[in-house]
Amino acid sequence: MGRWNKTLLCAALLALTTGTAAAAGFPDHPIAMVVPVSAGGAMDIAGRTLAKYLNQELGQPIIVENKPGGSGNLAYGYVARAKPDGYTLLFSYEGFHTGNPALGKNVSWDPIKSFTPIAEITRGPHVITVPASLPAKTLKEFIELAKDKPGQMYFGSSGTGSIQHLGTEQFKLLTHVQMTHVPYNGAAPAMQDLLAGRIQLLVTTPPTVIGQIQAGQLRGLAITSNRRLPMLPDVPTTAEAGLPAFTLEAWFTMFGPAGLPPPVQQKLADAMKKVVTSQAFKDEITKQGSYASYQPPDAVARILREDLAHWTEVVKQAGIKGD
């Protein structure tokens with residue numbers, strides 16, 4: 001064996017040995033879990049629920065660090081630059097992770113190359129919501145109403161490039177309706193304008209609007225999933241409402257910085273699998289309007305590539321321009 005080949009072999013063995021040794025003692029101090037939104041929202045609550053159970057599984061505190069700003073870019077850039085040792089993790093949202101790159105935004109991180117996939121944690125279906133004062137009682141009636149008023153209907157979102165925005169653009173492409181996008185700084189202000197009738201449609205996660213739907217102030221036309229939600233049992237799925245081609249479930253997935261040692265990656269993935277597949281965690285997440293959905297690292301990598309390609313194509317077809 002040549003000297004160069006021996007050097008490469010020694011380097012590979014050293015890296016493997018170092019990674020295995022790191023995993024053997026991992027973790028030996030608290031882990032920071034970066035959440036790219038402010039405290040108190042649905043994503044933050046889900047992340048803190050995970051942290052609570054992961055504390056018990058790994059035997060070390062999981063410290064939630066909220067880093068909102070720049071449509072997630074602050075948090076993603078921070079984790080991308082972090083040391084890949086397993087002590088800085090990113091609780092990632094599909095809308096940020098794929099929406100920003102799909103829009104061609106100038107970001108300091110690469111959606112695939114900057115991160116190590118660990119595990120999918122939850123999926124959040126959306127509810128297609130309209131004001132109770134709108135004449136449309138069903139999804140089919142809303143589509144007909146929107147076609148009768150091309151360009152006169154407005155839909156809200158929690159921001160340009162969010163899943164609410166891109167998902168509704170996909171809805172427009174599938175149904176051939178013309179609506180005008182009104183971006184907001186979060187789903188809550190969009191919901192307030194929906195209640196006031198200033199916008200006519202909001203596709204958002206159930207916790208944002210469930211109270212208003214139950215109170216009769218808003219009307220849920222469909223759940224963008226293949227299953228009904230226990231908290232909204234009378235709202236049909238999109239398939240039941242006549243639009244089976246439209247589903248919209250945002251994933252919330254754990255990543256580490258690029259270069260995370262495989263043994264550390266696997267130890268984290270195994271711990272998260274135990275948590276996410278436990279009945280206690282499932283029950284808590286269901287009450288929050290989402291559902292537990294474990295996927296291992298290789299599946300996470302595949303899903304990320306597929307969804308990035310999908311949303312990039314939606315952006316192209318819809319002619320959306322980034323901020």
Side-chain angles (χ1 to χ4, degrees), residues 31-39 41-51 54 62-82 84 86-103 105 107-126 158-159 161-167 187 205 248-260 264-265 268-269 271-273 275-276 285 288 290-312:
I31 295 171
M33 185 173 77
V34 177
V35 178
V37 296
S38 300
M43 181 181 183
D44 174 68
I45 293 170
R48 291 178 186 277
T49 302
L50 172 66
L54 208 53
I62 310 299
I63 309 300
V64 175
E65 294 186 7
N66 297 92
K67 291 187 180 296
S71 295
N73 289 324
L74 179 65
Y76 285 72
Y78 177 84
V79 175
R81 295 187 299 270
Y87 290 99
T88 303
L89 305 178
L90 173 68
F91 191 46
S92 180
Y93 162 54
E94 180 182 354
F96 293 151
H97 207 134
T98 64
N100 286 325
L103 284 165
K105 289 186 177 182
V107 296
S108 63
W109 46 273
D110 182 279
I112 296 173
K113 296 178 182 178
S114 296
F115 304 102
T116 299
I118 297 174
E120 182 176 299
I121 306 300
T122 69
R123 286 208 166 227
H126 291 66
S158 59
S162 64
I163 287 297
Q164 293 98 323
H165 174 209
L166 300 185
T205 50
L248 186 66
E249 295 177 346
W251 46 252
F252 297 89
T253 296
M254 197 69 74
F255 290 85
L260 194 66
V264 173
Q265 175 195 33
L268 286 167
M272 292 179 196
K273 181 179 181 179
V275 169
V276 175
I285 291 299
Q288 294 171 21
S290 299
Y291 58 88
S293 175
Y294 174 80
Q295 292 289 346
D298 57 344
V300 168
R302 174 183 53 79
I303 291 167
L304 174 58
R305 290 192 301 269
E306 292 174 352
D307 287 352
L308 181 59
H310 169 73
W311 292 123
T312 300

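The basis for the numbers below is simple: all heavy atoms, side chains too, and nothing from hydrogens, waters or symmetry mates.
- No side-chain donor-acceptor contact under 3.5 Å links Gln164 to the backbone of Gly159.
- In this structure the side chain of Ser293 never reaches within 4.5 angstrom of the side chain of Phe252, judged on heavy atoms.
- Residues Tyr76 and Ser92 have side chains that bring a donor and an acceptor to within less than 3.5 angstrom of each other.
- Between Ile62 atom CD1 and Leu89 atom CG the span is 7.5 Å, to the nearest 0.5 Å.
- For Ser71 against Phe96, the heavy-atom pair with the smallest separation is O-CD2, 3.0 Å.
- What you find for Met43 and Val35 is that their closest heavy atoms are CG-CG1, 4.4 Å.
- Between Gly124 and Ser290, the shortest heavy-atom distance links the atoms CA-OG, 3.7 Å.
- Residues satisfying the salt bridge (charged side-chain N to carboxylate O under 4.0 Å, His left out) test with Asp44, not counting sequence neighbours, are Arg48.
- Going from atom CD of Gln288 over to atom CD1 of Ile45 covers 6.0 Å, rounded to the nearest 0.5 Å.
- At least one side-chain heavy atom of Trp109 sits under 4.5 Å from a side-chain heavy atom of Asn73.
- Under the 4.5 Å side-chain criterion, counting only non-hydrogen atoms from C-beta, His97 is not in contact with Thr253.
- Contact of the Val79 side chain with the Pro257 side chain is registered, since non-hydrogen atoms from C-beta on lie closer than 4.5 Å.
- The minimum heavy-atom distance between Ala51 and Val64, with the atom names listed, is CB-CG2, 4.0 Å.
- Glu306 is linked by a salt bridge (charged side-chain N to carboxylate O under 4.0 Å, His left out) to Arg302, counting only residues two or more places apart in sequence or in another chain.
- Between Met33 and Leu54 the shortest side-chain heavy-atom distance does not fall below 4.5 Å.
- Between Phe115 and Phe255, the ring planes are perpendicular. Angles over 60° get that label, and only those under 30° would be called parallel.
- When side chains are defined from C-beta on, Met254 does not count as touching Leu268, because their heavy atoms never get closer than 4.5 Å.
- From Glu249, atom CD reaches atom OG1 of Thr122 across 10.5 Å, with rounding to the nearest 0.5 Å.
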Check against side-chain hydrogen bond (donor to acceptor under 3.5 Å, both in side chains), Trp251 and Gln295: CA-CA 10 Å; Trp251 46 252; Gln295 292 289 346; over 6 Å; no
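- Leu166 contributes atom CG, which lies 9.5 Å from atom OG1 of Thr312 (distance to the nearest 0.5 angstrom).
- Expressed to the nearest 0.5 Å, how far CG of Leu248 lies from CD1 of Ile163 amounts to 6.0 Å.
- When every heavy atom of Glu94 is checked against every heavy atom of Ala250, the shortest pair comes out as OE1-CA, 3.3 Å.
- The side-chain heavy atoms of Tyr78 and Thr88, taken from C-beta on, include a pair separated by under 4.5 Å.
- Across all their heavy atoms, Ser108 and Arg81 have their closest contact at OG-NH1, 4.2 Å.
- In this structure, OG1 on Thr98 lies 6.5 Å from CG on Leu308, to the nearest 0.5 angstrom.
- Val300 places none of its side-chain heavy atoms less than 4.5 Å from the side chain of Ile118.
- Every residue two or more places apart in sequence or in another chain that forms a salt bridge (charged side-chain N to carboxylate O under 4.0 Å, His left out) with Glu120 is listed here: Arg123.
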